[in-house]
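Letters A, B, ... mirror the listed sequences (proteins, then strands); counts begin at 1.
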Amino acid sequence: MQNLFVFVVLSISGVWATVPRPRGVSISMASFYTPGEKFRCLDGSRTIPYEHLNDDYCDCQDGSDEPGTAACPTGRFHCTNAGYKPGTVKSSRVNDGVCDCCDGTDEYSGLIECVNNCKELGKKMREEQQRVRLLQEQGYKTKLEQINEGRKKREEKKAMVEALEKSKIQLETLRNEKEAKKQEVEEPETEAKDKHKQQWEEVKAQREAQAENERINEAFIKLDANKDNIVDIAEIMAHSEFDINSDGEVSVEEAKEHLEDAEQTDPAYFAEKVWPHIKDLFKKEEKEVEDPGAEEPKVPEVMDNPDYDEDEEEEHDEDEHDDEDEGDHDPYTDDHEHPDELPLEEENKKGDQEMPEYDEETKKLIEVADAARAEFNEADSKLKDAEKELNDLKSYLNGDYGPDEEFSTMKDQCYEYTDREYTYKLCPFDRATQRPKGGGSETRLGSWGHWAGPETNIYSAQKYEKGQNCWNGPDRSVRVDMTCGLENMLTNTYEPSRCEYVFEFSTPSLCTPVPADSTRDEL
Amino acid sequence: MALSRVMRFGLRMTSFPLLLSCVLLVSQVCSVSRDNFKRCDQSGFCKRHRAVDPGHSPYISLFDTLDIQPSQISVELLNTKNNVRLRLELFGLQHQTTRIKINEVNPLKPRYEIPVGDVLNAEPQQDTLTVVEKNDDHITLSLEKSIIVLNREPFRIDFINDDEPTVSINAQGLLKFEHLRKKKEDSQEKKEENEEEKASCAEEEVQEEDEPDMWEETFKSFHDSKPNGPTSVGLDVSFPGFEHVYGIPEHAESMALKSTKSSDPYRLFNLDVFEYELYNPMALYGAVPVMLAHNEKRTVGIFWHNAAETWVDIASNVADKTFFSKMADLVKGSTELPQTDTHWFSESGIIDLFIMLGPEPSDVFSQYGQLTGTTPIPPLFGIAYHQCRWNYNDEDDIRNVDAKFDEYDLPMDLLWLDIEHTDGKRYFTWDGSKFSHPDEMVKNLTVKGRKLVTIVDPHLKKDDSYSVYSEAKSQNHLVKNKDGSEYEGWCWPGSSGWPDFLNPEVRKWWASKFAYSSYAGSSKDLHVWNDMNEPSVFNGPEVTFQKDVLHYGGWENRDVHNLYGFYVHKATMDGLLERTGGEERPFLLTRAFFAGSQKFGAVWTGDNMASWDHLKISNPMILSLNLVGITFSGADVGGFFHNPDAELVTRWYQAGAFQPFFRAHAHLDTKRREPHLLPNANMLAIRDALQQRYSYLPYWYTLFYWGERNGGPVMMPLWVEFPKDKSTFSMDDQFMIGKALLVKPITEQGSTGTNVYFPGNDLWYDVESFQTYNGGDTTYVRAGLTKIPVFQRGGTIIPRKMRNRRSSTLMKSDPFTLFICLNREGEATGNLFIDDYHSYNYKNGKYILKGFNFRKNVLESVTGHKDYQTDEWIEKIVISGFQVQPSIAILKGSVSGQKELEVNYDIVEDNIIIRKPGVNIAENFKLILQP
């Protein structure tokens, strides 16, 4: 059927030699295929006539009798690929009409004419190897710097922790002293203030009683239409607010009821019996008269507006992303601040009813206490600052920045990559986010989780987890695949499954030193 | 892809009020999807037909109007209740087939009939009807071996074969034909008119009282204006002597149809149903109104040739028996013949019924194939493995998936692109930033024999700068509202219009869009997928067109609904044929379908779910499709919605490897699940399943050849091969692929084996271990994660290709291994069809048909047809089931001459292996084995 042998001319250490061997066999394996002798399958399972080698029928279970055909499902075909690197392809790639070896030796049945492009590939490969070697070398230099920097950083932080731990003890002592002092002076201060307040409450109560009397008098005078110092049924009937059953008029019975079954009342009886029951009705009447618009539904109106405006605003946003016109926000803001203003104004009206200043003695006490409080607060916040700093340092020191701290330089940094639609941001050891290019809010794709490379190379990938939940899907997450590069850089992003992102990140931290002669042995 | 996308769609919308309404819609869809679709009691004509009182048919045959022609008779039927006359035409057709048409004698306007040449291949050829007897009561006719009796009063037709009734028409008296009528304007007028009429002539049409929903109907918020009033038609068909009926897909239902006594009728109305429910009669994406009835003696079939919404009620005197009457039968012994009664009703059109009288299953298949056509042989790659996902994101993604299949040695023939590949869901375009070099991308696939499939849906984005839409609009090619204005609905691109595919001119226009010059980036290696062609309209009633939407010729969607997807499919196929001048066989997939859709390509069961019960139901669903001619069919491997675990994916691949159309597909929201991403053990099991599929491609291909020639399924119930074996009649968890392979896919979680029923009397051979099983037994077969229970029938020969290539195209010249499994008599037969695997040249005779016979220790290879040259040869012959092992094999080739071959005995598998016959597959030879 097909030629059993290929005669391969090879250049080995400058000496030309011809090694006959079955098609698809490498030089190193040639000795197992001795012409004229029976062939023993390489797994030892059986022995077959030499003619059955490469006869396009699979005799050996391990495929070793058919190195040059597609007959065996488990076989391998060796291509010499002179000028490039030698390789093996699966037997199923032989004579299938696809050129898999650059020297084209896998296709000899005539299904396809393959062009030998090993030389080109070899050249490209060497160029690529050179490029990678340079990249690795240069990157590795940076990596060494990063390692230094990272180690230094760790040492510094460690030292800072030690120092801080010490000063923290001092700060604690100081704080406690100041606290005791504060408590000491606050006691008389509170006492004096309470006393002052109590006195003021009493004054206020007196004033209130007086005011109530005035209101009663006023009311009586108002009701006493004929000024005879007596209010009678007829006078009550003249005031529509006493219409209990709201039938449009105040009946005798209703009036009587307001007078607590009396026919009339003098000021004393009025103050004691009548006033407490009609107080609320009367007040309401007064208000209505004073402020005729009070019952108009002002508030709902305000509530309607923002909805409407919000809509408009949203549409506006969609159309002109960057146009954050402040005017647009006004109705919204009004809505929120308006209700707050009302009580404030009321308080202001009551300004004249404010508590009088403390007496001089109390003021002094307060002054002393204020000073003590200030001192305490200062001590306390210093301690808190120290504690926070300490926490930060410790959390840094708990982090895993690679076996040699080489990844530490990317901590507290952020890297961005923009594609057609989004700008992606990676802040290593913290978070990954995305925001629409045209503006809009940021979406958290994940928070720092853990190193996620394969067991043999765990520092080649990072995982960011528990990002914002996807509608009808999982929480967003990101895997960051890292490769050697001259600088820390986010180079690409994609989303292979919905809401599962992959970032490609280049970093010197993954560059390794290259053995000097590594490109040589490939030939 | 179903309505679920509405949700995504909703979320993409920008303005608040719309978003809100969509979210509301979504929650509705999620919780009560079923409520979005009509029940019978929400459909006026369904209620009216179900209410017909059986046993009191008002119809009599008016024998004085009888017209007898050589192969057809015609007679008028009178409705004695309203005096409306119908005309019955009965045609004797060739191949034991009869056609019955019933229409009004004088309709107010024409009623819709499906044009000949589309669903029906041609006007069916007629056969002689002979009048055997004629008297006042009935007329007896004969057609080939069948007797047909037409009864006068009440009207009724019985078909009698071998002295036994097989099919009866109107035996239950359910014929109801809603004649076209004028709307009564108001009750006052109506009365007067009535009185007037009564006075004038007693024999004139009697006005019947209007029933509810006759002149308008409302479902949810949708109003159906019904300008023509009631137009429905219905008829009962009984199958005396038959307990089992099959067919009328598409339903998520067992293969043997159930009695609908306590459920809705089976509904045929093409709909996009989100996350469809299993085991119920709800309508799905396609409709084939074809039913088969089978018993130990014969198989018959009927074809209800009507494109309107149709419901089918099924009653069975066996299935509907109460517990007590069953007990009584047991005690007394039942003498009652089993009988299945069916009741068919459609919203409009005419009654046009084909009766196919068998008697063998294969006869019914070929009788139906004569009417609507058979599945043409797909290109070889079409029956290989398809890798799909919504969506592969860009060219890099495609390149990467392609490379991974090679890296893991997983064979694959096609990669698919879903809607996201387009420029804003404008079909025939590419998203320029993600797919800027489609030609290069396709070329990268074709060097390895692979192809690309892109989606082309029928909705067109309403965007005047989108040329396909603007052309359709300017040329008046779009579907119209009832007032004649352009119909507008919502689908993936947002506001859309739909081409009027009922119009032949529109189909021509659509086909022209597939020209290479028109569809940039397309080539002969780019194939197509039609989705959403029910059509799916997100904001329409039941997610589709309103019934009063207007198509070509002024026909309402009510009249033609189930044909829309059929014509989308047909027009697309026309386009794919035209682009190569009819030389290359294209691959084309559709979701919506009708009777006859098999002519245009593959069908899949729509948006299923990643669950074990959906895996399980894929078998009966595909079996039902195969029984009614849609043989090139399959289900989404892995399940479309949700995330399957690795075991489910693995088992699904194993099932899919033995179903006709084999495609993995997944929803946008699911995790990636390409085989190489699964745990290694699962990946290996899937690789094994894929390689098995590829090794059997010659067998599948040959089955499709026979399918095109004779009609009939490729994946089929056991009863098709073992028609007298009653225990197989409702068996749908195991099936046959052709005559030679029995398959029982594992569909249970955690299963390590299954009980397999081995039909017939002969031996069955496990295709991997060659362990034998006896026919007639039910045997537990172990099936760990890597095992697919597949058995070759004793007495068969299957040619396989055992070299694992990257795609089927690369196997073109590979040699065959013949697997011969002997029966108890030491005999076996098989055959093989070979051509160039991709062109239509086989239609010009450019093919090879080989027969293989093994008898008395001699294998003979004979030629049935040979007008094609091939490099393919025979590398190995494996023979199982020898009583006495031979040791010498002599090959006598007609060309290559005589030679002795090495005979090896495989002690583990108990096979003998003939080493390297080496003859070209086309060569005739004898292989003589001697002790």
| task | Return yes when atom CD of A/Glu113 has more than 12 non-hydrogen atoms of other residues, nucleotides or ligands closer than 6.0 Å, and no otherwise. | result | no
Comparing B/Ile913, B/Asp406, B/Thr809 against chain A, the one with the most heavy-atom pairs below 4.5 Å turns out to be B/Asp406
Rounded to the nearest 0.5 angstrom, the OG-CG distance for A/Ser497 and B/Leu668 is 9.5 Å
Applying a strict 4.5 Å limit to non-hydrogen atoms, the region of B/Ser807 in contact with chain A is neither
Rounded to the nearest 0.5 angstrom, the CG-OG distance for B/Leu810 and A/Ser92 is 9.5 Å
* **Salt-bridge criterion met for A/Asp55 and B/Arg915 (N-O under 4.0 Å)** => yes
Cut-off 4.5 Å, heavy atoms of chain B, and the answer for A/Asp59 is side chain
- Between B/Glu902 and A/Ile48, is any pair of side-chain heavy atoms under 4.5 Å apart? no
Ranked by heavy-atom pairs below 4.5 Å to chain A, first place among B/Lys671, B/Gln691, B/Lys812 goes to B/Lys671
When rounded to the nearest 0.5 Å, the distance separating CG of B/Asn391 from CZ of A/Arg498 is 11.0 Å
> Is the number of heavy atoms from other residues, nucleotides or ligands under 6.0 Å of B/Lys443 NZ greater than 12?
Replying inline: no
Honestly, the part of A/Asp100 sitting under 4.5 Å from a heavy atom of chain B is side chain
Tested for salt bridge (Lys or Arg N to Asp or Glu O under 4.0 Å) against A/Asp96, the lone hit among B/Arg803, B/Lys448, B/Arg806, B/Lys801 is B/Arg806
The reported gap from NZ in B/Lys916 to CG in A/Asp56 (rounded to nearest 0.5 angstrom) is 6.0 Å
In this structure, CG of B/Asp394 is separated from CZ of A/Arg420 (nearest 0.5 Å) by 10.0 Å
Bottom line for A/Leu111: the part with an atom under 4.5 Å from chain B's heavy atoms is side chain
Distance col, row B/Asp871:CG vs A/Asn95:CG, nearest 0.5 angstrom, shows 11.0 Å
